[in-house]
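When reading the values below, keep in mind they use all heavy atoms of this one structure, side chains included, and skip hydrogens, waters and symmetry mates.
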Amino acid sequence: MKFNCFPKKQKGTFLIYSNYLVFKSNLFNDLVLQSSPKNSIWFRLLRTHIGFLLSSLFKYKFQVPDSNKNYVGIIKGQKKILFEMDNTSPKYVWREDGEKKWIKEKFFGFQLISAYTLKEFELKLSLIEKAFQLHWSNLMTDKYVHGDFTHFNILLGIEQEIIFIDRKSHKNSNLFDFFYFYFYFKQCLERCNTISLEDTNLILESLEGTIVNICDYKDVSAFILDCNQIILPDYWGLDNKDKQNYLTSFSKVLVEKINLKV
């Protein structure tokens, strides 16, 4: 089956789609956000009908589970993930196993955040709080953190239920997942070309308050103890600058908010 590519066929991550209808779907919009947070002028052009026509000039062909269906997908090196579509609605997820055979799974839900805007964040804040509360409660009885707790790995099901996916479980401080969510989201906001610094700061301030409220430390010493027990992984989705700076910044900001709360 032949697919259009977005932004193009390349060695790293890129998206594919089979027709214009699925190209304009909410799911494809979510996948664009995953592929790059920048929302550059070039990406915005490629999301138009002109971009669709440009993408039609260069096709990517491979064997799919059923060539009579339509798909959107994400390609990461040799790894392919296809979403089988019913018009603009995703129905199933197809993944290749180690023998290059397609494995069919149910589509569970859409990602938590679909745009880097203040309006989108405010719209989803109650769901973020719900996800955080559920995860914090789980950590009270679980020895392992999620390990890749980002807004892409928190899905909203049909009934708006919270679904966590793509765990990379390991032992760590109970604060690690919230620390990681905060800085991964912050990094995406800072890379986005279409959100103002003022709106970014408002979002981060609200997110900091949410973490303090959900994690519910009664005093600063208990928070600092858990913060000092955070183990920084060798490999993660954050910029590999001085990793300790992330931890220092996180501790400083949240200590101030805990002091205000107590």
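Shortest non-hydrogen contact noted between Leu46 and Pro7 is CD1-CB, 3.6 Å. Across Tyr116 and Pro37, no two heavy atoms sit closer than the pair CE1-CB, 3.5 Å. Considering all non-hydrogen atoms of both residues, Met85 and Pro90 come closest at SD-CA, 3.7 Å. Minimum interatomic distance between Val32 and Phe43 (heavy atoms only, all atoms of both residues): CG1-CD2, 4.2 Å. When all heavy atoms are compared, the tightest approach of Ser40 to Asn193 is CA-ND2, 3.7 Å. The shortest non-hydrogen separation linking Asn70 to Ser18 is OD1-OG, 2.8 Å.
Using a 4.5 Å heavy-atom threshold, the side chains of Leu53 and His49 count as touching. Between Lys69 and Asp66, some side-chain heavy-atom pair lies under the 4.5 Å cut-off. For the pair Phe62 and Met1, the minimum side-chain heavy-atom distance is 4.5 Å or more. Contact annotation: the side chain of Asp216 approaches that of Lys218 to within less than 4.5 Å [non-hydrogen atoms, C-beta and beyond]. Counting heavy atoms from C-beta outward, Leu175 and Cys215 have side chains that approach closer than 4.5 Å. You'll find the side chain of Phe14 stays beyond 4.5 Å of the side chain of Phe6, heavy atoms only. By the 4.5 Å heavy-atom criterion applied to side chains, Thr13 and Ile75 are not counted as neighbours.
Transitive grouping of hydrophobic side chains (ILVMFWY, heavy atoms separated by less than 4.5 Å) keeps Val72 and Leu21 in distinct clusters. Using a 4.5 Å cut-off between side-chain heavy atoms of Ile, Leu, Val, Met, Phe, Trp and Tyr, with links allowed through other members, Phe181 and Ile231 fall into different hydrophobic clusters. Connection of Leu82 to Phe152 is not established within any shared hydrophobic cluster, with ILVMFWY side chains joined at heavy-atom distances below 4.5 Å, either directly or through further cluster members. Linking ILVMFWY residues whenever their side-chain heavy atoms come closer than 4.5 Å, directly or via other members, places Leu238 and Phe178 in the same cluster. No path of Ile, Leu, Val, Met, Phe, Trp and Tyr side chains, each step under 4.5 Å between heavy atoms, connects Val64 with Tyr20, placing them in separate hydrophobic clusters.
Note that the OG atom of Ser35 and the CD atom of Gln10 stand 8.5 Å from one another [nearest 0.5 Å]. For the atom pair CG (Leu33) and CD (Gln111), the distance works out to 6.0 Å, reported to the nearest 0.5 Å. For the atom pair CG of Leu254 and CG of Asp226, the computed distance is 12.0 Å after rounding to the nearest 0.5 Å. Going from atom CG of Leu232 over to atom CD1 of Ile230 covers 7.5 Å, rounded to the nearest 0.5 Å. Atom CG in Leu225 sits 8.5 Å away from atom OH in Tyr217 (nearest 0.5 Å). Atom-to-atom distance recorded for Leu112:CG and Thr150:OG1 is 9.5 Å, nearest 0.5 angstrom.
The environment of Lys24 atom NZ is dense: over 12 non-hydrogen atoms of other residues, nucleotides or ligands sit within 6.0 angstrom. For Ile50, the CD1 atom is loosely surrounded, since the number of other residues' heavy atoms within 6.0 Å does not exceed 12.
With sequence neighbours left out, Phe176 forms a ring-ring contact (aromatic ring centres under 6.0 Å, His included) with His170, Tyr180. Residues meeting the side-chain hydrogen bond (donor to acceptor under 3.5 Å, both in side chains) test with Asn4, sequence neighbours left out: Tyr17, Ser56, Lys59. Remark: Tyr71 engages no residue in a ring-ring contact (aromatic ring centres under 6.0 Å, His included) (not counting sequence neighbours). Annotation: side-chain contact (heavy atoms from CB on, under 4.5 Å) contacts of Ser251 (sequence neighbours excluded): Phe223, Cys227, Val255. For Asn138, the side-chain hydrogen bond (donor to acceptor under 3.5 Å, both in side chains) criterion is met by no residue, not counting sequence neighbours. Residues meeting the ring-ring contact (aromatic ring centres under 6.0 Å, His included) test with Tyr246, sequence neighbours left out: Phe183, Trp236. Contacts of Asn201 classified as side-chain hydrogen bond (donor to acceptor under 3.5 Å, both in side chains), with partners at least two apart in sequence or in another chain: none.
Hydrophobic cluster of Ile158: no remaining members, since no ILVMFWY side chain lies below 4.5 Å from it. The other members of the hydrophobic cluster of Ile163, by chain and number, are Phe108, Leu155, Ile165 (side-chain heavy atoms under 4.5 Å, ILVMFWY only).
Residue pairs meeting the side-chain hydrogen bond (donor to acceptor under 3.5 Å, both in side chains) criterion with at least one partner in residues 96-108, sequence neighbours excluded, are Arg95-Glu105. Contacts classified as side-chain hydrogen bond (donor to acceptor under 3.5 Å, both in side chains) and involving residues 152-161 (residues at least two apart or in different chains) are given here: Asp148-Asn153. Applying the side-chain hydrogen bond (donor to acceptor under 3.5 Å, both in side chains) test to every pair with at least one member in residues 78-93, sequence neighbours left out, gives these pairs: Glu84-Trp94.
Listed for the Ser55 side chain is a donor-acceptor partner under 3.5 Å among the backbone atoms of Cys5. Using modelled atom types, no side-chain atom of Asp142 and backbone atom of Val145 make a donor-acceptor pair closer than 3.5 Å. Of the possible polar contacts, none joining the Asp199 side chain to the Ile195 backbone as a donor-acceptor pair under 3.5 Å is found. Although no hydrogens or angles enter the test, the distance criterion places a donor-acceptor pair under 3.5 Å between the side chain of Thr210 and the main chain of Ser206.
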*Could you give me the CA-CA distance, side-chain angles and deciding distance for Phe121 and His151, then say whether ring pair (Phe, Tyr, Trp, His ring centres under 6.0 Å) is met?*
CA-CA 11 Å; Phe121 178 80; His151 53 291; over 10 Å; no

_Checking Val212 against Glu208 for the side-chain contact (heavy atoms from CB on, under 4.5 Å) test, could you report, in this order, the C-alpha distance in whole Å, the side-chain angles of both residues, the deciding distance, and whether it holds?_
CA-CA 6 Å; Val212 167; Glu208 292 155 10; 5.7 Å; no

*Run the numbers on Phe58 and Lys8 for side-chain contact (heavy atoms from CB on, under 4.5 Å), then give the verdict.*
CA-CA 8 Å; Phe58 306 97; Lys8 62 180 180 178; over 6 Å; no

_Between Phe107 and Phe83, is the side-chain contact (heavy atoms from CB on, under 4.5 Å) condition met? List the steps._
CA-CA 8 Å; Phe107 178 79; Phe83 298 86; 4.0 Å; yes

*Please assess Tyr60 against Phe3 for the test ring pair (Phe, Tyr, Trp, His ring centres under 6.0 Å), listing each intermediate value before the final yes or no.*
CA-CA 5 Å; Tyr60 180 41; Phe3 290 91; 7.5 Å; no

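With hydrogens and angles left out, the side-chain atoms of Thr194 and Asn39 include a donor and acceptor closer than 3.5 Å. When only modelled atom types and interatomic distance are considered, Asn172 and Tyr144 share no side-chain donor-acceptor pair under 3.5 Å.
A salt bridge is absent between Asp166 and Lys168: the closest approach of a Lys/Arg side-chain nitrogen to an acidic carboxylate oxygen does not fall below 4.0 angstrom. Using a 4.0 Å cut-off between a side-chain N of Lys or Arg and a carboxylate O of Asp or Glu, Glu120 and Lys124 qualify as a salt bridge. Note on Asp239 versus Arg191: salt bridge recorded, some NZ/NE/NH1/NH2 to OD/OE distance being below 4.0 Å.
Stacking of Arg47 on the aromatic ring of Phe28 is not recorded, the 6.0 Å distance cut-off and the 45° axial limit not both being met.
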